[in-house]
Number of protein chains: 2
Amino acid sequence: MPFAPPVQGSPWLDPQDRSRLRARKREAVILAAARAFRDRGYHHTSLDEIAAGLGITKPTIYALFDGKEDLLFECFLAGVEPLRAAFREVETRGASGRERLLSVAHRYAVAITGEFGWVMVRVEGEDLSPAMSARIKSLKSEIDQGLRSLIRKGIADGSIAPCDPKMTAFALAGALNWIAFWHRSESSPAAGALDPKTLAARLLQVFESGLEPR
Amino acid sequence: MPFAPPVQGSPWLDPQDRSRLRARKREAVILAAARAFRDRGYHHTSLDEIAAGLGITKPTIYALFDGKEDLLFECFLAGVEPLRAAFREVETRGASGRERLLSVAHRYAVAITGEFGWVMVRVEGEDLSPAMSARIKSLKSEIDQGLRSLIRKGIADGSIAPCDPKMTAFALAGALNWIAFWHRSESSPAAGALDPKTLAARLLQVFESGLEPR
DNA sequence: ATCAGTCTTTACTCATGAGTAAAGTCCCGG
DNA sequence: CCGGGACTTTACTCATGAGTAAAGACTGAT
């Protein structure tokens, strides 16, 4: 009977469990990829290496993702999500522009020190097809516009000194993104390793006073 | 006569002109490579492309450089030199730590907007052999230590508010280096293109007031 | 004209790694 | 104990691009 009844009930394992399992596999691959990209760089990491690290083989990755680029994109998404969440959360608060901006910046900093910080910051359009590149650009731009908007609000409500919102957003984003370049190599070996929250607070100190009207 | 007299006077063209010509050729290749790396990324630029852009062929590049990596390193050197110069120049001045730091930062920003800014910021150890990587790390560390040292001097002479010199140096370096990521793609098309000096001034405004003791 | 030396090109080699096809393997229901 | 389906692996193909060897071309001195 080739034409099985196309009802929802599938055999042995129900579809829910199947897709859950698949999602877990995808997450494991994404995490392994993010670590490998961070440690060895995107171009110096082969899918064979990632697979080997998980005890599987390359075609299994292809069963879960469209290709290396797709995998990179998923890593990127995992990295931006906390940043978008930080903006969403602060949206509902009634604090001043300055307080909201600094709250976002703090969470931003902590996110960058995480597993996906490197990929998120360092993925550039050059590495991707035009379509993917456009999607990433759009997400990055959303973050940038969010920072500018909070700066503008802060200027408007008097909590931030008058400044060029675009340039100031770039300065702040740069200071935060740069964490991805030095954090791992600096903090791992020595005892002087700062925990992410302290790191964020000290890094942002210059912005805290620099944004304040005098 | 296989054994020509090993005196300094070489035939037809004297050695001075030869080496001058060679140096000019090297510079032309370095500049073309820096532009190509910036526009298409290091890994997506082949030596064939660079050569074609100059109207020559790949083996000619090999006559002037040891390989792609060597070429990348030379681009990096061309990029850091202005930064080192900025530190050297400010060394001899008697100004306060804060003034000296801001002077260096200003020149730093302008340098990053230049042709070699991208390569200097984005060259990472991953792309290079361990030996090259170590040389680059050392040069980058020199810049970083220079910033920290000026910050410490500023704190000592009272021109900079007490802060964590290491974190503050990272914040400043991040804001400056980040220029390389957005400058070209942003500024080229529109009429809103800031000239480097104005850009530097507006970007650094938040640091100018943020470093000041209150 | 010819020769020697320097520089440049044509025409390769060779390693790497993304992507794929086809053959297993495992698990459960009958 | 047989069959079918989801998943995984072995064993490829194929494009790219770094690096090189050997032949050619230009130069100016004799």
Side-chain angles (χ1 to χ4, degrees), chain A residues 1-7 9-26 28-29 32-33 36-37 40-73 126-129 132, chain B residues 1-7 9-26 28-29 32-33 36-37 40-73 126-129 132:
Chain A
M1 191 200 252
F3 276 59
V7 253
S10 168
W12 337 276
L13 207 52
D14 74 278
Q16 292 250 333
D17 289 359
R18 287 215 171 281
S19 80
R20 252 191 265 277
L21 188 58
R22 183 184 163 85
R24 286 179 56 88
K25 285 175 187 170
R26 278 177 59 97
V29 176
F37 292 158
R40 295 188 291 279
Y42 177 66
H43 292 286
H44 290 82
T45 303
S46 69
L47 291 179
D48 285 313
E49 284 177 300
I50 296 171
L54 289 162
I56 58 173
T57 59
K58 186 168 55 172
T60 300
I61 294 180
Y62 275 90
L64 297 166
F65 301 90
D66 288 345
K68 194 180 183 184
E69 193 174 277
D70 183 33
L71 186 49
L72 179 65
F73 183 67
E126 309 136 6
D127 302 328
L128 298 157
S129 66
M132 282 281 174
Chain B
M1 192 203 253
F3 278 58
V7 252
S10 168
W12 338 276
L13 206 52
D14 73 278
Q16 292 249 333
D17 289 359
R18 288 214 173 281
S19 80
R20 250 191 265 277
L21 187 59
R22 182 183 164 88
R24 288 178 56 88
K25 285 175 187 169
R26 277 177 61 97
V29 175
F37 293 157
R40 296 189 292 278
Y42 177 67
H43 291 287
H44 290 82
T45 303
S46 69
L47 291 179
D48 285 312
E49 285 178 299
I50 296 171
L54 289 162
I56 60 173
T57 60
K58 187 168 55 173
T60 301
I61 295 179
Y62 276 90
L64 297 165
F65 301 89
D66 288 346
K68 194 180 183 184
E69 193 173 276
D70 183 33
L71 186 49
L72 180 65
F73 183 67
E126 309 136 6
D127 303 328
L128 298 158
S129 67
M132 283 279 174

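Quick note on labels: first sequence line is chain A, next is B, and so on, each numbered from 1. All figures in this text were calculated on a predicted structure; none of them were measured in a lab.
- Between the CG atom of Asp48(B) and the C1' atom of dT9(C) there is a distance of 12 Å, rounded to whole Å.
- Atom OG1 in Thr57(B) sits 11.0 Å away from atom CG in Leu47(B) (nearest 0.5 Å).
- Of all nucleotides listed (dT9(C), dG19(C), dT10(D)), dT9(C) comes nearest to the side chain of Ile56(B).
- In this structure, Thr60(B) reaches the dT9(C) phosphate: one of its side-chain N or O atoms is under 4.0 Å from OP1 or OP2.
- A donor-acceptor pair is defined here as one N or O able to donate and one able to accept, closer than 3.5 Å; no such pair exists between the side chain of Glu69(A) and the backbone of Met132(A).
- Contact detail for Arg22(A) and Leu64(A): the closest heavy-atom pair is NH2-O, 3.8 Å.
- Within residues 61-70 of chain B, no residue places a heavy atom under 4.0 Å from DNA chain C.
- Side-chain N/O atoms of Asp127(B) and His43(A) include no donor and acceptor closer than 3.5 Å.
- Among the nucleotides dT8(D), dT10(C), dT20(C), the one closest to the side chain of Lys25(A) is dT8(D).
- Of all heavy-atom pairs spanning Ile50(B) and Ala36(B), the tightest one is CG1-CB, 4.2 Å.
- Residue Lys68(B) comes nearest to Phe37(B) through the heavy atom pair CE-CE2, 4.3 Å, listed as atom of the first residue, atom of the second, then distance.
- Summarising the geometry, the separation between CZ on Arg26(B) and P on dT8(C) is reported as 14 Å, rounded to the nearest angstrom.
- With rounding to whole Å, Leu54(B) atom CG is found 11 Å from dT9(C) atom P.
- Once rounded to the nearest 0.5 Å, the distance linking CD1 of Ile61(A) with NZ of Lys25(A) reads 13.0 Å.
- Residues from residues 40-47 of chain B lying near DNA chain D, meaning a heavy-atom separation below 4.0 Å, are Thr45(B), Ser46(B), Leu47(B) in numerical order.
- Contact between the side-chain N/O atoms of Thr57(A) and the OP1/OP2 oxygens of dT10(D) is not found at any separation under 4.0 Å.
- Looking at the side chain of Lys58(B), the nearest of the listed nucleotides dG19(D), dT9(C), dG19(C) is dG19(D).
- The two residues Asp70(B) and Asp66(B) make their nearest non-hydrogen contact at OD2-N, 3.0 Å.
- Contact between Thr45(A) and Arg40(A) at its shortest, heavy atoms only, is OG1-CB, 3.7 Å.
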